[in-house]
Structure formats: C-alpha cells, structure tokens
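Everything below concerns the one structure shown next.
Since the model is a prediction, treat every value here as computed from it, not as a measurement.
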Amino acid sequence: MATIRIGLDRLPPAARAAVEEHTGPLLTVGEIAEGFNSEIAARVTSATGTWHVKGLRTDHPRAWTQSREATVAPFLTGLAPALRWRVETAGWDLLGFQALTGHHADYAPGSPGLPEVATLLRRLGETPCPGIELRQAEQRLERYADHPDDLRFFAGTHLLHTDLNNANVLVDDHAPQGDRARLVDWAWATRGAAWLDAGYWVTWLIASGHTPTSAERWAAEIPSWHTAPAEGITAFAAANANVWSEISNADPHPWTLRLATAATTWHAHRKTG
C-alpha cells in the first residue's frame, strides 16, 4: 500500500532546523507526487544547492527502508544519486540526496532510453555486493515460488535493486551517451542471483507494451541473463506472477492490475514458449 504523503512544512520545527543545518535556509520546496514509500518527498533548494529529500517517521512500519537506503548508498557510485546527508531527529528520519536532472525512463518499444537502462543494469551487474545486511532474494520469493526447489535459482551473491519501475530510473538526455541513467529508491536492495534484475525489468517492459519475446530480447542485453538456466527464468516468472497477483488483489489500482497482467502474460509465455 502507498504511504500517505505530507508536506515538508508539516515537519516539526526541530527537524526542519536540522535539515537547514545541511542546506542553509530553504528558498523553494517542490513536493514530488511520484513514489509510494515516503511520507515526505520533495525537491528543495537553498542558496547553496538543490537536494531530493525523502523521509519517514521513525515509528513508521517501513522506517527500516530509510536505513537500508542510507547503508547501501556509499556503494552506488555511478548507479544512483549520492546521499549528501541524513537527519534523525524529532521523530523523523530524513535523507538528502543529490538532485538529478532528467526524466523518468520510457520503457515503450522503440524508446531511445532503453539502451541506457540496459547499460545501467550492466554496470550494476559489475558492481561488487557490499558486505552489509541485505535481504536474500530466495527469502523474499519464498512465499511465491511454485515449488520450494525453485528457490535455488534465485540465490546468489550479487547486488540487486529489484524494483525496476520506470519511475525509479532517471534518464538525463544531456549526459554522455552510455552514462545517462541512474537508479533511485534502493529501499528493496537485495542479494541474489545476478540475472534477477533483468528478470524484474522484463515484467515492466511487458507492462509498457513489449511482447514477452521483445522484453526478453532486452533482458539479453544484460550479460548475466545468459547465465540463468531456462527453468530458473520460468520459475522466476511464476513467482513474480504470484507476487503481482497478491499486490493487485490487495491494492487493485490500474497500475497494479497492469503489472499483474504483464507478469501473468510473461509466465504463460515461458510455459508455452
């Protein structure tokens, strides 16, 4: 379920003052509508710079996501915006990230941003997984696999993002070609098989208009995809279909239903293809 969003102006004075110790007096605050995990999401500017701020109350059920993002951030150079500061005061946990320019990735067939996303996922696949506490992919998918033996396909030692929503990929068309895309929102960073992020991307590509064949063709641009056994990919497609079925049943918005349909379409393709 989406977290209810509030404005930065509703922060306790002590929390706002702590933010301004890092930024200086804020000149503009632009609330951000996208995203589901933060109570506060805003682009703020001061005389010294611009930041993307996201935050949760420290007693929020998903407060752990703030710590996860703060912990993994130092290891994401060239993959994600840099974390500039963190404020934990007055019952709030606030993260101040480098503010990126650009737009959300377009996953539609023929989009010029698709090669940039593929390049980004290749870079992620080459990034060492840090020795920090992360969920394991086989644990996260345990309830959704069709067969317990399928979980062995998802285990691994690689750093994964796992939420390839196009709103989590920012593309700067003015940056050098091949270095235009960045991944944001690392709350669900995970350790697992190297090819899984390409698999997560497939579902979003299908939801954006690709056929399963076209989506898998883009996944094949990621070298790790070729290390995945065919039965492992099919097992993941089944588990992912079960994930999105649960999400869409609990929260039947158009976008969750669209993803559930895409995941089911991919699984059917894998079973018959």
Quick one, [X] and [Y] - any side-chain contact, counting heavy atoms below 4.5 Å?
X	Y	result
P109	H210	yes
R16	L26	yes
C129	T157	no

Which atom of [X] lies closest to which atom of [Y], heavy atoms considered:
X	Y	answer
D172	T101	OD2-OG1, 3.1 Å
L79	W186	CB-CZ2, 4.5 Å
E221	P223	O-CD, 3.6 Å
A108	L114	O-CD1, 3.5 Å
S224	A194	OG-O, 3.2 Å

Under 3.5 Å donor-acceptor, [X] side chain and [Y] backbone:
X	Y	answer
D197	H161	yes
H267	N240	no
R62	A187	no
T119	G178	no

Listed by chain and number, what are the salt bridge (charged side-chain N to carboxylate O under 4.0 Å, His left out) partners of R68, not counting sequence neighbours?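 None.
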Are [X] and [Y] connected in the hydrophobic side-chain network, where two residues link if heavy atoms are under 4.5 Å apart?
X	Y	value
F75	L120	yes
L95	I40	no
I247	L196	yes
V117	L183	yes
L134	L76	yes

Matching residue for F236 among W225, F153, Y200 - test: ring-ring contact (aromatic ring centres under 6.0 Å, His included):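 Per the ring-ring contact (aromatic ring centres under 6.0 Å, His included) rule, the option paired with F236 is Y200, out of W225, F153, Y200.
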Going through the distances and angles, do T48 and S46 end up as a side chain to side chain donor-acceptor pair (under 3.5 Å)? CA-CA 5 Å; T48 60; S46 74; 3.0 Å; yes
For D173 and H103, what are the C-alpha separation, side-chain angles and deciding distance, and is it a side chain to side chain donor-acceptor pair (under 3.5 Å)? CA-CA 8 Å; D173 293 332; H103 56 85; 3.0 Å; yes
As an exercise, state the distance from [atom1] of [X] to [atom2] of [Y], rounded to the nearest 0.5 Å.
X	Y	atom1	atom2	result
W92	L11	CH2	CG	6.0 Å
I206	T261	CD1	OG1	11.0 Å
T162	L159	OG1	CG	10.0 Å

If you count the non-hydrogen atoms of other residues, nucleotides and ligands that lie under 6.0 Å from CD in E142, is the total more than 12?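 At most 12 heavy atoms, drawn from other residues, nucleotides or ligands, come within 6.0 Å of this atom.
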H226, NE2: over 12 other non-hydrogen atoms inside 6.0 angstrom: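 Result for NE2/H226: enclosed.
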Before you tell me yes or no, could you show the steps for H253 and D251 under side chain to side chain donor-acceptor pair (under 3.5 Å), namely the whole-Å CA-CA distance, both residues' side-chain angles and the distance that decides it to 0.1 Å? CA-CA 6 Å; H253 287 285; D251 194 16; 3.1 Å; yes
So, R270 and E216, do they make that salt bridge, N to O below 4.0 Å?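 A salt bridge is present here (some side-chain N lies under 4.0 Å from a carboxylate O).
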Cationic N near anionic O, under 4.0 Å, R122 to E126: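 Answer for the salt bridge query: no.
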Going through the checks in order, is the side chain to side chain donor-acceptor pair (under 3.5 Å) test met by S67 and R86? CA-CA 10 Å; S67 293; R86 184 181 187 185; 3.0 Å; yes
How are the rings of W255 and W204 set relative to one another: parallel (under 30°), tilted (30 to 60°) or perpendicular (over 60°)?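 Ring orientation of W255 relative to W204: parallel.
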